[in-house]
Amino acid sequence: MKHITDFTILRRQQLGSHYFSLILHHPGQLPSIQAGQFVEVEVKGCREVMLRRPISIHDVDYTANTLTLLVQIVGNGTRQLATLNEGDTLNLVYPLGHGFSVQGAAPLLVGGGAGIAPLLYLAKCYNGRGVRPTILLGGRTKELIPVRGAFEPYGQVLYSTEDGSLGEKGLVTQHPLFSVPYDHICTCGPTPMMKAVGRYAVEKGIPCEVSLENMMACGIGACLCCVTDTVDGHKCVCKEGPVFDVTKLAGFLENK
Amino acid sequence: MVNLSTKIHNITLKNPVMTASGTFGYGEEFADFIDLSRLGGIIVKGTTGERRQGNPYPRMAETPSGMLNAVGLQNVGVETFCREVYPRIKDIDTKIFVNVSGSSIEEYCHVAEMIDEFDNIPGIELNISCPNVKKGGMGFGTNPDMAAQVVRAVREVYHKTLIVKLTPNVTSVVDIAKAVEQAGADSVSLINTLLGMAIDVERQRPYLSTITGGLSGPCVKPVAVRMVWQVAHAVQIPVVGLGGIASAADALEFLMAGAKAVEVGTANFVDPTVTIKIVEGLEDYCQRHNIQDINDIIGII
């Protein structure tokens, strides 16, 4: 069941110059949320912005009835959201889409840049099943990997940066522990990274789920704007995704 | 008690608020947010003779107070609609219309004929105005003779209420409206999207895979109100108004300009509950202005 609800911003934290996080309080009881699902956030007060912005759910606390969003400032919408303060209300349409399956006994979670956002709640969901995932976080530089410490309690956390400022130097797929025999891979981040991870997984026969972030209008499967090509034709990333089995995506693993 | 009920041809709507094709799926997508039976009507996704994949991604770009889309009539096709979708939506307690689209007169007729069979679909909206398909679509709606030809052909095979959806991308929308009225349309709805374009200057390329697309949202509303007003004064058949409606005040503009009913489109993407707010806002407006019947303000301008 999807909802439209006014949340209150309990806490706003700036994370370097590119990211901020918002802890949002629900006035009642949060509905059940899958890791990998997202919210559509209303953006007020910006002339250029009419549509909601899809943002993945970073964390969920059913006891405190809070959701956490990790937001990268990329355009007019997210720049406007960055001006919100603690105590402000934020209207969400949520929880949207189809999340991760939380399968496997030795999973690898690979995140890049803002794509690390859904992996925190995903790691917690794995912990809930008694599984401690390996979490590989990558970015061009250390500054582009936000909320680094947050993952430590929930799995073995590895880093790689292209400039070597944190962890191994290079791409996530070049990390020495990338090629350990995992039995499930979940990835979210820049498309070239997800393609590289997906290609590796398919080659090794490891089930792999990727989380896409196509541009959206409605977020609920009505406008058909956010489609991706799959083996069954165009599918809405907002409804059938954002998480897809990589083998179901058509043309995704080809080099582009 | 305010009367919000209006009539389109021989169909009585419980209120004038309907949803625009392509913005409300088959209605089901919104069932978590609103009680669909409170709507005056639902115009479901444009349906063609065969299943269509639509245009390649990217097919949406946000623009000031609006958006461009180039979905290109992605839909399951009329047979799947009849077999799988109709049984799911037929008992929603509102008036359900199917937006009938096509690339040829034969295709329009084929779809209309199949929809004619269904008791719970009292009318169709004939889409001769989609700007996002290579063949047909808007091609039929920009020429009065072509428009009349399609409408006459569909009129032959379709026996219920026939609404024809008009494009604003013409020199004289009144000429097209008169032509389709003459050809047997029971009603016209307008406006479909305005042909537009946006360029990503950083990447030095268009935002849409199709280069051009259809502009919708609040930015088109003044154009739409003007066209509805012009057409409402030129034809005898009822006019359904749409284009950028996001509030009861917006809907009232169209009603005062002469629309017997309205369709809410792009605003559904921003607020999935907006249609119900508009229904409530109309009732509230009538109470504040001591209007017993919404029909009393239709066409007052």
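Since the model is a prediction, treat every value here as computed from it, not as a measurement. Just so it is clear, the values below take in all heavy atoms, side chains as well, and ignore hydrogens, waters and symmetry mates. Lettering follows sequence order; numbering is per chain, from 1.
Taking CG of B:Leu215 as the start and CG of B:Leu195 as the end, the distance is 9.5 Å to the nearest 0.5 Å. Here A:Thr141 contributes atom OG1 and A:Leu144 contributes atom CG; the two are 3.5 Å apart, rounded to the nearest 0.5 Å. The CG atom of A:Leu92 sits 7.0 Å away from the OG1 atom of A:Thr5 when rounded to the nearest 0.5 Å. The CD atom of A:Glu162 sits 7.0 Å away from atom CZ of A:Arg140, with the distance rounded to the nearest 0.5 Å. Note that CG of A:Leu96 and CD1 of A:Ile33 are 10.0 Å apart. Values are rounded to the nearest 0.5 Å. For the atom pair OG1 of B:Thr212 and CE of B:Met197, the computed distance is 7.5 Å after rounding to the nearest 0.5 Å.
Chain B is approached within less than 4.5 Å, heavy atom to heavy atom, by A:Arg47, A:Glu48, A:Val49, A:Met50, A:Leu51, A:Arg52, A:Arg53 from residues 46-62 of chain A, ordered by number. Within residues 216-236 of chain A, the residues having any heavy atom under 4.5 Å from a heavy atom of chain B are, by residue number, A:Met216, A:Ala217, A:Cys218, A:Ile220, A:Gly221, A:Ala222, A:Cys223, A:Leu224, A:Cys225, A:Cys226, A:Val227, A:Asp232, A:Gly233, A:His234. Among the residues in residues 31-50 of chain B, those with a non-hydrogen atom closer than 4.5 angstrom to a non-hydrogen atom of chain A are B:Asp32, B:Phe33, B:Lys45.
Put simply, the side chain of B:Asn192 gets close to the backbone of B:Ser129: a donor and an acceptor are under 3.5 Å apart. Judged by distance alone, the side chain of A:Asn65 and the main-chain N or O of A:His26 form no donor-acceptor pair under 3.5 Å. Side chain of B:Glu62 to main chain of B:Pro64: no donor-acceptor pair is present (N/O by atom type, distance under 3.5 Å, no hydrogens or angles). Counting only distance, with no hydrogens or angles, the side chain of A:Gln80 and the backbone of A:Lys44 share a donor-acceptor pair below 3.5 Å.
Residues satisfying the salt bridge (Lys or Arg N to Asp or Glu O under 4.0 Å) criterion with A:Asp88, sequence neighbours excluded, are absent altogether.
Using bins of under 30°, 30° to 60° and over 60° for the plane-to-plane angle, the ring pair B:Phe81/B:Tyr26 lands in the tilted bin.
Enclosure of atom CD in B:Gln204 is not indicated, since only 12 or fewer non-hydrogen atoms of other residues, nucleotides or ligands lie within 6.0 angstrom.
Heavy-atom pairs under 4.5 Å with chain A were tallied for B:Glu28, B:Met67, B:Arg51, B:Gln74; the largest tally goes to B:Gln74. Ranked by heavy-atom pairs shorter than 4.5 Å toward chain A, the options B:Gly66, B:Ser65, B:Ala70 are led by B:Gly66.
Residues A:Ser101 and A:Glu209 bring a donor and an acceptor atom of their side chains to less than 3.5 Å of each other.
A side-chain contact (heavy atoms from CB on, under 4.5 Å) with A:Val39 is found for one member of A:Leu24, A:Val93, A:Leu67 and no other, namely A:Leu67.
For A:Asn214, the parts lying near chain B are the backbone and the side chain together; criterion is any non-hydrogen pair under 4.5 Å. Neither the backbone nor the side chain of B:Asn268 comes within contact range of chain A; no heavy atom of the residue lies under 4.5 Å from a heavy atom of that chain.
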